[in-house]
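We count ligands from 1, going down the list as the structure has it; atoms in each ligand are counted the same way. Predicted, not measured: the structure shown is a model, and the values here were computed from it.
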Amino acid sequence: MMADQPTLPRILVLASGSGTNFQALVDASRERDFPGQVVAVGCNQPQAFVLERAAQANVETFVVNHKDFSSRDEFDAALMAHILRYNPDLIILAGFMRILTTDFVRAFRGKLLNIHPSLLPRYTGLNTHQRALDAGDSTHGTSVHFVTEELDGGPVIAQAEVSVAPDDTRDTLAEKVQQKEHLLYPIVVRWFCEGRIQLGREQVLFDGQTLDSPMRLPDN
Ligand SMILES: Nc1nc2c(c(=O)[nH]1)N[C@@H](CN(C=O)c1ccc(C(=O)N[C@@H](CCC(=O)O)C(=O)O)cc1)CN2
Ligand SMILES: NCC(=O)N[C@@H]1O[C@H](COP(=O)([O-])[O-])[C@@H](O)[C@H]1O
């Protein structure tokens, strides 16, 4: 396990699946000047590959299987208890596939981020790539937003866009989007750890100024 660095902001990741966004973040956090440290990964799926990625990266893990609980409230309370043990400054949802309760979201308001695979407010919820294809969209992308009670409705901090090709499938589009996610999320997490991003009443504050629209990752 990495030596705890008491001065750096503590980042806890919640994930449910493959963990490529976790991998991008932990790789970025190992760069010399990264202003945060990934202290743990929490997961609701005991067999998720993100747990293997975390073990390889010497990052502590915990599993809270939602199937072990009879209600969403009980699951969230157990998840919260594990999270609080790590005293995080920032909680990152990275493919975390459970809708969180109002109590949970309010407990961590302003330090709970999510990456969502669409250009919000388009396509909240699931199956976003297929929905973009079915709609004939020429552009698609990914959004990093503060998590609020409203599912995928929190203030959007930054977005990255991809073009949709005529021969794109759900899988090829997902791959394009994920390549952008792996660049975008570490940038936003860096900004948060540097204190440049806050959640205002309803909007994002960036360097103390209200963001009128999400920041866009440059195309390149
Ligand atoms: N209160 C909030 N909870 C969550 C948010 C949020 O903005 N507010 N973001 C999601 C992440 N997400 C999309 O980005 C998302 C995750 C899961 C679901 C969903 O319908 N989950 C189902 C189970 C689906 C499954 O197990 O495959 C459920 O929880 O019943 C929608 C959107 C994370 N939580
Ligand atoms: N609604 C939430 C959602 O669909 N999130 C998406 O799950 C993937 C997780 O990939 P990863 O496990 O490889 O990071 C990411 O593409 C993320 O945008």
### Message
So which atom in Ser118 and which in Arg122 form the shortest heavy-atom distance, rounded to 0.1 Å?
### Response
OG-O, 2.5 Å
### Query
With a 3.5 Å cut-off and no angle check, do the side chains of His145 and His116 form a donor-acceptor pair?
no
### Query
Side chain or backbone of Phe104 under 4.0 Å from ligand 1, or both, or neither, by non-hydrogen atoms?
neither
### Atom indices of ligand 1, in the order listed, that fall short of 4.0 Å to a heavy atom of Asn114
9 (N), 11 (C), 13 (C), 14 (O)
### Message
For the residue pair Gln159 / Ser143, report whether a side-chain donor-acceptor contact shorter than 3.5 Å exists.
### Response
yes
### Message
Can you tell whether the side chains of Asp76 and Arg98 come within less than 4.0 Å, N to carboxylate O?
### Response
no
### Task
May I ask you to check whether Thr142 and Glu181 show a side-chain donor-acceptor distance below 3.5 Å?
yes
### Query
Considering only heavy atoms of Glu150, which atoms of ligand 1 have at least one such atom less than 4.0 Å away?
7 (O), 8 (N)
### Query
What residue and heavy atom of the protein are closest to atom 3 (C) of ligand 2, and at what distance?
Pro117 CD, 3.7 Å
### Task
Provide the number and element of each atom of ligand 1 under 4.0 Å from a heavy atom of Asp152.
6 (C), 7 (O), 9 (N), 10 (C), 11 (C), 12 (N), 13 (C), 14 (O), 32 (C)
### Message
Quick check on contacts: which atoms of ligand 1 are under 4.0 angstrom from a heavy atom of Glu149?
### Response
1 (N)
### Summary
Residue, atom and distance of the protein heavy atom nearest atom 34 (N) of ligand 1 read Arg98 O, 2.8 Å
### Task
List every atom of ligand 1 that sits less than 4.0 Å from any heavy atom of His145, numbering the atoms from 1 in the order shown and giving each element.
7 (O)
### Task
Distance to 0.1 Å, residue and atom name: give those for the protein heavy atom nearest to atom 15 (C) of ligand 1.
Leu151 CD1, 4.2 Å
### Task
Among all protein heavy atoms, pick the one closest to atom 25 (C) of ligand 1 and tell me residue, atom and distance.
Met97 O, 3.9 Å
#### Entry: Sub-3.5 Å N/O-N/O distance, Asp152 and ligand 2
no
### Message
Minimum distance, heavy atoms only, to atom 2 (C) of ligand 2: which one of Arg98, Met97, His129, Glu181 is it?
### Response
Met97
### Message
Salt bridge check, Asp137 against Arg131: does any charged N sit closer than 4.0 Å to a carboxylate O?
### Response
no
### Query
What residue and atom, counting heavy atoms only, is the protein's closest point to atom 13 (O) of ligand 2, and at what distance?
Thr20 OG1, 2.6 Å
### Query
What are the atoms of ligand 1, with element, lying closer than 4.0 Å to any heavy atom of Val105?
1 (N)
### Summary
Residue, atom and distance of the protein heavy atom nearest atom 30 (O) of ligand 1 read Arg72 NH2, 3.0 Å
#### Entry: Lys/Arg-Asp/Glu bridge criterion (N-O < 4.0 Å) met for Asp89, Arg10
no
### Query
So how far is it from Tyr185 OH to Asn21 CG, rounded to the nearest 0.5 Å?
7.5 Å
### Query
Hey, does Thr142 sit under 4.0 Å from ligand 2 if you only count heavy atoms?
no
#### Entry: Non-hydrogen protein atom less than 4.0 angstrom from atom 27 (O) of ligand 1
no
#### Entry: Close approach, Gln23 and ligand 2, non-hydrogen under 4.0 angstrom
no
### Query
What do you reckon, does Gly19 have a nitrogen or oxygen under 3.5 Å from a nitrogen or oxygen of ligand 2?
yes
### Query
Closest non-hydrogen protein atom to atom 3 (N) of ligand 1, residue and atom name please, with distance?
Leu100 N, 3.0 Å
### Query
For atom 16 (C) of ligand 1, what's the nearest protein heavy atom and its distance?
Phe96 O, 3.6 Å
### Query
Could a heavy atom of Ala15 be found less than 4.0 Å from some atom of ligand 2?
no
#### Entry: Shortest protein heavy-atom distance from atom 10 (O) of ligand 2, along with the residue and atom involved
Gln178 NE2, 2.9 Å
### Query
Hey, does Asp27 have a side-chain heavy atom less than 4.5 Å from the side chain of Gln23?
yes
### Task
Ignoring hydrogens, just give me the one of Leu126, Thr148, Asn127 whose non-hydrogen atom is nearest atom 20 (O) of ligand 1.
Leu126
### Query
To the nearest 0.5 Å, what is the distance between SG (Cys193) and CG (Leu90)?
5.5 Å
### Message
Over 60° means perpendicular and under 30° means parallel, so tell me whether His66 and Phe75 are parallel, tilted or perpendicular.
### Response
perpendicular
### Message
Checking Thr20 against His182: is there a side-chain donor and acceptor pair closer than 3.5 Å?
### Response
yes
### Query
Tyr86 vs Phe62 aromatic rings, parallel, tilted or perpendicular, using cut-offs 30° and 60°?
parallel
#### Entry: Ile91 vs Leu113 side-chain heavy atoms within contact, under 4.5 Å
no
### Query
To which protein heavy atom is atom 9 (C) of ligand 2 closest, and what is the distance rounded to 0.1 Å?
Gly95 CA, 3.6 Å
### Message
Quick test of your reading of the model: are Lys180 and Glu161 salt-bridged, counting only N-O distances below 4.0 Å?
### Response
no
#### Entry: Side chain, backbone, both or neither: the part of Leu93 lying under 4.0 Å from ligand 1 by heavy atom
side chain
